[in-house]
Amino acid sequence: MYDFLLQDVKAAEALPSEGQQDYFLCTGWSCTADTDNTGGGICNSMLRLYFTFAALTWCVDSVGGFSNGKVGVACGDMTPQHGHEPRPEPPPYMVSVDKSTFSPGENITVSLQVASSDPTFFRGFLMEARDAGKLDFPAVGFFILTDPHQSQLLQCGHTQGSGLSHKSNTKKTQVQAVWESPEKPPQRVQFLVTVVHDYKVYWVKMAGPVVSLRGVTVAPSTNAPPQTTSPTALSTQFSSVGCGHSKSCLRDPVGCHPESDPHCFFLSFTTDEAGQSVMFELSGPTDGYMSFALSHDKWMGNDDVYLCVNDGGSVSISAGYVSGRTHPELATEAALWGRAWRLVDGVIQCRFHRSIHLHNRFNLNQSYFLFLAHGRSRQGSIYKHYHQPLISTIQKVITGLPEDLSGSRSPLLIKFHGVFMLTAWMWIVSTAVLIARHYKDFWPDTTVLGQRLWFQLHRTMMVLAVVLTSAAFTLPFIYRRGWSKAAGSHPSIGCTVMALSIIQPIMAILRPVPDSPRRIIFRWLHFGAGTAAQILAMCVFLGAAQQALLLPSPWSPAVLTGWLLWIMLVDLLLLIHQSRLRGKSSSDDKENILFAQLDRLQHGEVSKVKKMVLVVFLIGNTGFLAAFIKAIASL
């Protein structure tokens, strides 16, 4: 890192003239000689030229910046005077501590390291620990070096060693030191760091973690800075480092990294060493709000909720309670302290501390399901979340051992609902219809239980489809405990499909005998009801866009469209095949021969083609169904 300020240089050398000394003052690029200690003396021209040249040479060398890290003049505002503005974007670095609470005289290990997944480095830094309620006051406590080759101590307050800086401008990816608390520390201490990548690229006062005096569980003092300090008040990105080892994490997608993935939803929590409080970190891509809740079950209601809400460019952090599917009732902010936030590029991040035992709030020593939700907000008011909340798979003791948790945005009942409906209508019904339309005479002499094979296959498949549809139909009502008003037309269409599915087998049982004149009426009614049910079932497939079963878009509609084109193509191929055979019979003057008879006369050719088409159709249908089931399982 370069020097924060060019210092005055005083070069003294004894002269034979009455033992007086010449002082050379170097300010910027200007060097003059002072022969009478007043700045107004006159030197011999040759001597002055010599010393001016020597001083200019020294000045040119020093303009490159003090790479030795002795930058005590910048301890106050921590700003390098490089003539350039600090970088506004989030820095690719992070500050971490090994404990969140401390006692007077206790040591805390502080680390500054590269947080980005991209290869980067820093050359210089300046680190201080200040009263979190009085960040403009001098540094408190002092540092102890762990690597004297990389860092050195400065006096940035009333105590020697209260500041820490680099010792050379070599490239670094991590530095570490030990901070020792003073005997009379403030209740909360925050670490601030200025990091320099190169002369023009640097970040000022990166806000590091807040550590609290052990045993203090009250809210921050009224002298603490307001939450709406600056969008870069929390300039370090949250990191997934330590998930499952030093802290518990819940992430969506599974294993994502909030420091490098802008689409990562992230919740982490860790307990202090004294077992008095828990620090929560919440992050997600939304311009409205991020929230999480502690719940005794997987149903929304009677939950302890915490919200980070975009409020006109700042983020408010508050606790609340949800009694049902209603707007949360906000509690006083005194329940939380150490609040910090960041709002950059559509990503909200917030951090806060909460006591384990707190009146009128859930006890963090117990186990809960974790809900992670986001949505839009306006002027600090929140609206219903965009998607189904991410819900942890298991209950978790908040103060328990660190775990890397998994979760799902789709309830298990709704997943089974989707799998049953897709299996019934994408695979079973489409195959049963294809057999009834094109394979009646494929097995002319084969019977099962006194009925032709095609009929038994068709009837068995359709009965199985009705059973699966009935099971799928009941699951959403069990999950929602009634009718869902927020699901649009999906429940109404589903009820119609269910009704037609029941009407079809009843109609088949009451069908007239083949020779009856009413048989044609049955055929049209059976065909019409079945076709209507298929079309509506395809519309029901749009349920993949419902909150409770939100398949990825545009993948889901694209695959559904591909499946529809697939069954239409197979049906068209079989119709063309039939038409070609009918044309051949006409050319041979066999117009009066029925198509069933033609199949028997040319059984070898017909069987080969139809068998191949049926096998390919079943393989394709299975592939489409498997793709949807895999997507549902991953939700």
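For the numbers below, each heavy atom of this structure counts, side chains included, while hydrogens, waters and symmetry mates do not.
Annotation: His257 is not in aromatic contact with Phe266 [ring centroid separation under 6.0 Å not met]. Within the 6.0 Å centre-distance limit, the rings of Tyr479 and Trp299 are counted as a close aromatic pair. In this structure, His374 has its ring center no closer than 6.0 Å to that of Tyr289. Taking the six-membered ring for Trp and the full ring otherwise, Phe369 and His296 have centroids separated by 6.0 Å or more.
At least one donor-acceptor pair under 3.5 Å links the side chain of Ser314 to the backbone N or O of Asp311. Not a single donor-acceptor pair under 3.5 Å links the side chain of Asn621 to the backbone N or O of Ile619. In this structure, the side chain of Gln504 engages the main chain of His526 through a donor-acceptor pair within 3.5 Å. Checked by atom type and distance alone, the side chain of Ser367 never pairs as donor or acceptor with a backbone atom of Lys396 at under 3.5 Å. Judged by distance alone, the side chain of Ser392 and the main-chain N or O of Leu370 form a donor-acceptor pair under 3.5 Å. In this structure, Ser291 contributes its side chain and Tyr306 its backbone to no donor-acceptor pair below 3.5 Å. At distances below 3.5 Å, at least one donor-acceptor pair connects side-chain atoms of Glu259 with backbone N or O atoms of Ser240. Between the side chain of Thr531 and the main chain of Phe527, a donor-acceptor pair closer than 3.5 Å is present.
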>> Set out, in order, the CA-CA distance, both residues' side-chain angles and the distance that settles side chain to side chain contact (heavy atoms under 4.5 Å, CB included) for Val397 and Asn365, then state yes or no.
In response: CA-CA 6 Å; Val397 178; Asn365 279 331; 5.5 Å; no
>> Assess the residue pair Phe292 and Phe280 against the criterion (side chain to side chain contact (heavy atoms under 4.5 Å, CB included)); give the C-alpha distance rounded to whole Å, side-chain angles, the decisive distance to 0.1 Å, and a yes or no.
In response: CA-CA 10 Å; Phe292 75 92; Phe280 293 93; 3.5 Å; yes
>> Is there a side chain to side chain contact (heavy atoms under 4.5 Å, CB included) between Met279 and Thr271? Walk through the geometry before answering.
In response: CA-CA 6 Å; Met279 182 182 73; Thr271 309; over 6 Å; no
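Side-chain contact check for Pro476 versus Pro491: every heavy-atom pair is 4.5 Å or farther apart. Considering only heavy atoms from C-beta on, Val305 stays 4.5 Å or farther from Tyr321 through its side chain. Put simply, the side chain of Thr270 does not reach to within 4.5 Å of the side chain of Val278, judged on heavy atoms. Proximity of Cys495 to Phe473: side-chain heavy atoms (C-beta onward) are separated by under 4.5 Å at one or more points. With contacts defined as side-chain heavy-atom distances shorter than 4.5 Å, the pair Leu573/Phe617 does not qualify.
Lys247 has no carboxylate O lying under 4.0 Å from a charged side-chain N of Asp404, or vice versa, which leaves the two without a salt bridge. No salt bridge links Arg376 with Asp287; every basic N to acidic carboxylate O contact stays at or beyond 4.0 Å.
Residue pairs meeting the salt bridge (charged side-chain N to carboxylate O under 4.0 Å, His left out) criterion with at least one member in residues 423-438, sequence neighbours excluded, are Arg437-Asp571.
Using modelled atom types, one finds no donor on one side chain facing an acceptor on the other under 3.5 Å when comparing Ser248 with Glu403.
For the pair Arg409 and Phe265, the cation-pi test (distance below 6.0 Å, angle within 45°) is passed.
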Return all side-chain donor-acceptor pairs below 3.5 angstrom for residues 461-469, not counting sequence neighbours, or 'none' if the list is empty.
| from | atom 1 | to | atom 2 | distance (Å) |
| --- | --- | --- | --- | --- |
| Thr469 | OG1 | Trp425 | NE1 | 3.0 |
| Thr469 | OG1 | Ala465 | O | 2.7 |

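The aromatic rings of Phe624 and Trp566 sit tilted relative to each other, their planes meeting at an angle between 30° and 60°.
From Arg339, atom CZ reaches atom SG of Cys350 across 11.0 Å, with rounding to the nearest 0.5 Å.
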